[in-house]
Amino acid sequence: MNILMALSQRELTGAEVFAVTIANELIARGHKVIIVSDTLTAPTKAEFIPLAFNDRFFPKRIMQVRTMVQLIRQHDIQVVHSHSRASAYISALACSLCGIPHIASIHGRQPVHLSRVLLKCAGELSLCVCESIRNQVITDLSFNPERTLILRNPVSAQDFTFCPPALPPDATSTPIPSAAQPLHVALIGRLSGPKGWVVGQVLEQLKDHPEIKIDVVGGKAVSSPEDLPEFLRPYAHYQHIQFKGYCADIPNIIKHSDVIIGAGRVGIETLMSGRPLIAIGEGCYHGLVTQDNVAAVMSTNFGDIISTKQGSFTFERLLDDLHQAQVLGSDHAQLQALREQVLTQYDAQPIVDQVEHLYSRVYVHKTKRELPVIMYHRVIKDDSEKGIHGTYIEQERFRAHLQYLKDHGYETVTFDDLRDGRYKKRFDRDHKKWIILTFDDGYVDNYTTAFPLLKEFGFKAVIFLLSHRDYNAWDADDPQHPEKKLPLMTKEMVDEMAAYGIEFGAHTKTHPRLAELPPKEARAEITECKAALEHKYGRSFKTFAYPYGSLNEDIKTMVKKSGFDFAVATDSGDVVFDADLFQIRRIAIFPKNSMLTFKRKASGYYNFIKLRREARKAKQAQPAPRS
C-alpha cells in the first residue's frame, strides 16, 4: 500500500519515533511510505516532504490542505495516518476531498473545548497509545468506542539489547553514591511545555545532591544557558547537572546511565535495555517501575497521560526512589522480567502486523473495493454434460465472463503471483484490476473446455486437486444425493496446464467435511494430500481449499502448520482479503447467474452486498419481542 504519515513536529518526540518505527518496518514489508511534517529528526527510509502544520494562519491552513490533496493524488496514497492534532485536522479534510480513509494516532491527552467536540478529526479509526488516552477521548470527546483502539508505541526488539548495570563486587550490597563514585542519572525528555515543568521539578529536588550526576537530554542544541527555557537556566550553574540538549542516540545514553528518569517512549526503551526507570511524565509521578506497578505505568504511557485533567505528582519520593533503583539495578532477573513484560506489549512486529491489517480494513470499507476471488467447479459444452448438482457453467457463458473481464481491464492473478507480500499491492493504480479465478476438484472439463478459453484470452486460474481420487467419489458414491460419475484430470493434463501458468493447489485426499472429522483424520487429509501431490508432480503445493468450505480454527491451524501460505473458503471469511489468509472468502458462480450478476460478483463490491443481505436475513429471523 501507499501510506502518507503526517506529523507536526518541531523537535524529536515520541510521536515522531512512533511514526518512523512503523514507517521503516512497513517499507521493509514492501509498502511505500511518505512522511510530511514541520521537521523530521529520526532516521527513516521513508521519503520526507516538509509541511509546516504548526503555521496556523488560516490561509496557510488552506494551502496545507491543498498540498495534502496534491500529494495524495500524485503518489496514489491509499491511507493517511496522522500523529498530531494539527496534522489530523488537515489530514481529515484532505482525505474527505480525495475519498480515502484517515487514521489518527493519539499520543497525548486531548484538550476539551467546543470545536474539539464538534470536529473530532478522529478518522475511520483512532489509535491511542495507552488506556488513559482512550478513556479520556471516549469520556470527554465522545469518540466511538468501537473505533477507538489501543496501539502501543512500537519498539524493534533487536535495537535494544538487554544491558543491565554492572553488578558491584559484592552483589549483596549497593554502593552509596559519593563525589568519587556518583550515581549517574539521565533525565530524558522535552524541555518545553508540561514536560519542561517536570524537568524543573526533578532538578529542584536534586540540585543540592552533588553525589548524583544528572545529564538532561532533550530539546534542541544547548551551547549556553541562554539556549534553555528561562525557568531552567538557574540549574545550568550546578556542576553535577549537565544539559546535553538534543541527542540522536538515546539508546546509547540509556546504556551508559545507572538510572533513567523519563516517560513515554523513553520509558519503553529504558526497560527494554534492562535499566531501572523512574517514570515521571506530564501526567503523573509513578516512581520506580517494578513488577508490581508496571501494568498501571503502561496504562498511562509511563506517566505521560492520566484520565483526569489534574496531574498527580509526589516529587518528595524522588531520592528514595533513586536509592531503590540502585537496588533494582543489581537484580538482573527482575530487570529481565520487566523487559519481557514490556516486549509483550510493545514489540514492533505484532504491532505493525496489526497496523497493516487496519490499513487494509479501513481502505476496503471506505472504498468498498477488494480483490474478488471467484469460485467455479466445471465448464461444460452442452446439456449432456450437466450434472445433478449445480456446480457447472456452460461454455458460452464462461466465454462471456472472460470477454467481460478482458474488455474491462481485469488481470487474472494466481496465489503464486501474490506470494512474498505482493498482495499488499492489490490497490495500486499502476496495474490492471486484479481478479482470481479458482476451480475446485480438478474435473477433466477444466482441461478440455475451460483451459482453451483461458489460453484464448491470455488468462490464468487456480485449480484445486484431490490426491487420492480419480473421479468425484464424494458425489457419485453418495447414496442420498448421487451425482453423475465425472473423471478428474490426469497428470499429463495437469503438467500441460502448469507449464502454461495455471496454479494448482491442494483440496484434501478424498473431499471430506474437515470440521466434522476427528482431528487425526482431518490432519491426515491435509498433510498426506500435500505430500502425495508434491511427490506426483514434483513441485510445491502452497495453496489449499477447504472442501464444502468446512473449517474451524483447529482446521485452519493444521493447514498453516502443514506449510500452506493461503487457504480459501467458500462464502465464509472476512470481506478484507488479508484479514485472514487462511480463510479467504470466495464468490461462487452458479448456472443460473445472469451476466449482470457476474458483473456484480467480479466488481469487488459484491461481498458487501452479500453481507448486508445476510445481516437483514439474520435480523428478520430474530423472534419478535414478547408484548
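Bear in mind the structure is a predicted one, so any value in this text is a computation, not a measurement.
- In summary, Glu456 and Arg399 engage in a salt bridge, as defined by a charged side-chain N under 4.0 Å from a carboxylate O.
- Of the possible donor and acceptor atoms, one in the side chain of Asp445 sits under 3.5 Å from a partner among the backbone N and O of Val379.
- Each of Glu503, His377, Arg586 was checked for a side chain to side chain donor-acceptor pair (under 3.5 Å) with Thr438, and the lone residue meeting it is Arg586.
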Check against side chain to side chain contact (heavy atoms under 4.5 Å, CB included), Leu454 and Ile502: CA-CA 9 Å; Leu454 290 170; Ile502 303 296; 4.0 Å; yes
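- Panel note: side chain Arg378, backbone Glu385; a donor-acceptor pair is recorded below 3.5 Å.
- Between Tyr500 and Phe451, the two ring planes are perpendicular [angle over 60°; tilted spans 30° to 60°].
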Step-by-step salt bridge (Lys or Arg N to Asp or Glu O under 4.0 Å) determination, Lys366 to Glu124: CA-CA 8 Å; Lys366 178 77 173 181; Glu124 273 64 34; 3.3 Å; yes
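- Side-chain atoms of Asn552 come within 3.5 Å of backbone atoms of Ile555 as a donor-acceptor pair (strictly under, hydrogens ignored).
- Aromatic pair Phe427/Tyr363: centroids less than 6.0 angstrom apart.
- Using a distance-only test at 3.5 Å, with no hydrogens or angles considered, a donor-acceptor pair links the side chain of Ser603 to the main chain of Arg600.
- Residues Tyr546 and Tyr548 place their aromatic rings such that the two centres sit no closer than 6.0 Å.
- Taking the centre of each ring, His81 and Tyr359 come in below the 6.0 Å mark.
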Trace of the salt bridge (Lys or Arg N to Asp or Glu O under 4.0 Å) decision for Lys32 with Asp428: CA-CA 11 Å; Lys32 175 182 176 181; Asp428 292 359; over 6 Å; no
Test salt bridge (Lys or Arg N to Asp or Glu O under 4.0 Å) applied to Asp578 and Arg426, step by step: CA-CA 11 Å; Asp578 58 349; Arg426 65 194 185 278; 3.1 Å; yes
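- Between the side chain of Glu534 and the main chain of Phe541, a donor-acceptor pair closer than 3.5 Å is present.
- With respect to the salt-bridge test (charged N to carboxylate O, under 4.0 angstrom), the residues Asp475 and Lys485 do not qualify.
- With hydrogens and angles ignored, the 3.5 Å screen pairs a side-chain donor or acceptor of Ser87 with a backbone N or O of Ala6.
- Here His365 pairs with Phe608 under the ring-ring contact (aromatic ring centres under 6.0 Å, His included) rule; sequence neighbours left out.
- Electrostatic pairing of Asp417 and Lys460 counts as a salt bridge here, judged by a charged N lying under 4.0 Å from a carboxylate O.
- For Tyr392 and Tyr443, the distance between ring centers is not under 6.0 angstrom.
- Around the CD atom of Glu146, the shell of radius 6.0 Å holds no more than 12 heavy atoms that belong to other residues, nucleotides or ligands.
- A 6.0 Å sphere centred on CZ of Arg419 holds more than 12 heavy atoms belonging to other residues, nucleotides or ligands.
- Figure legend: Lys406 and Tyr404 shown without cation-pi pairing, the cationic atom not lying both under 6.0 angstrom from the six-membered ring centre and within 45 degrees of its axis.
- Here the straight-line distance linking atom CG of Leu149 with atom SG of Cys128 works out to 8.0 Å at 0.5 Å rounding.
- In Lys491, the NZ atom is crowded: over 12 heavy atoms of neighbouring residues, nucleotides or ligands sit closer than 6.0 Å.
- Of the charged side-chain nitrogens involved, at least one lies within less than 4.0 Å of a carboxylate oxygen, so that Lys556 and Asp580 count as a salt-bridged pair.
- Counting non-hydrogen atoms of neighbouring residues, nucleotides and ligands closer than 6.0 angstrom, the NZ atom of Lys484 exceeds 12 such neighbours.
- A donor-acceptor distance shorter than 3.5 angstrom exists from the side chain of Lys542 to the backbone of Gly563, with no hydrogens or angles considered.
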Pair up each side-chain donor or acceptor in residues 67-74 with any protein partner under 3.5 Å, not counting sequence neighbours, and list the distances.
residue	atom	partner	partner atom	Å
Thr67	OG1	Met63	O	2.9

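- For the pair Glu411 and Lys433, the salt-bridge criterion is not met [side-chain N within less than 4.0 Å of a carboxylate O].
- Ring centroid separation for the pair Phe398 and Tyr376 comes in under the 6.0 Å cut-off.
- In summary, Asp353 and Arg29 engage in a salt bridge, as defined by a charged side-chain N under 4.0 Å from a carboxylate O.
- Ala157 and Met272 get closest at one heavy-atom pair: CA-CE, 4.0 Å.
- Within 6.0 Å of CG in Asp382 there are more than 12 heavy atoms belonging to other residues, nucleotides or ligands.
- A salt bridge does not link Glu525 to Lys509: none of the charged side-chain nitrogens sits closer than 4.0 Å to a carboxylate oxygen.
- Relative to the six-membered ring of Tyr605, Lys368 misses at least one condition, a distance below 6.0 Å or an angle of at most 45° to the axis.
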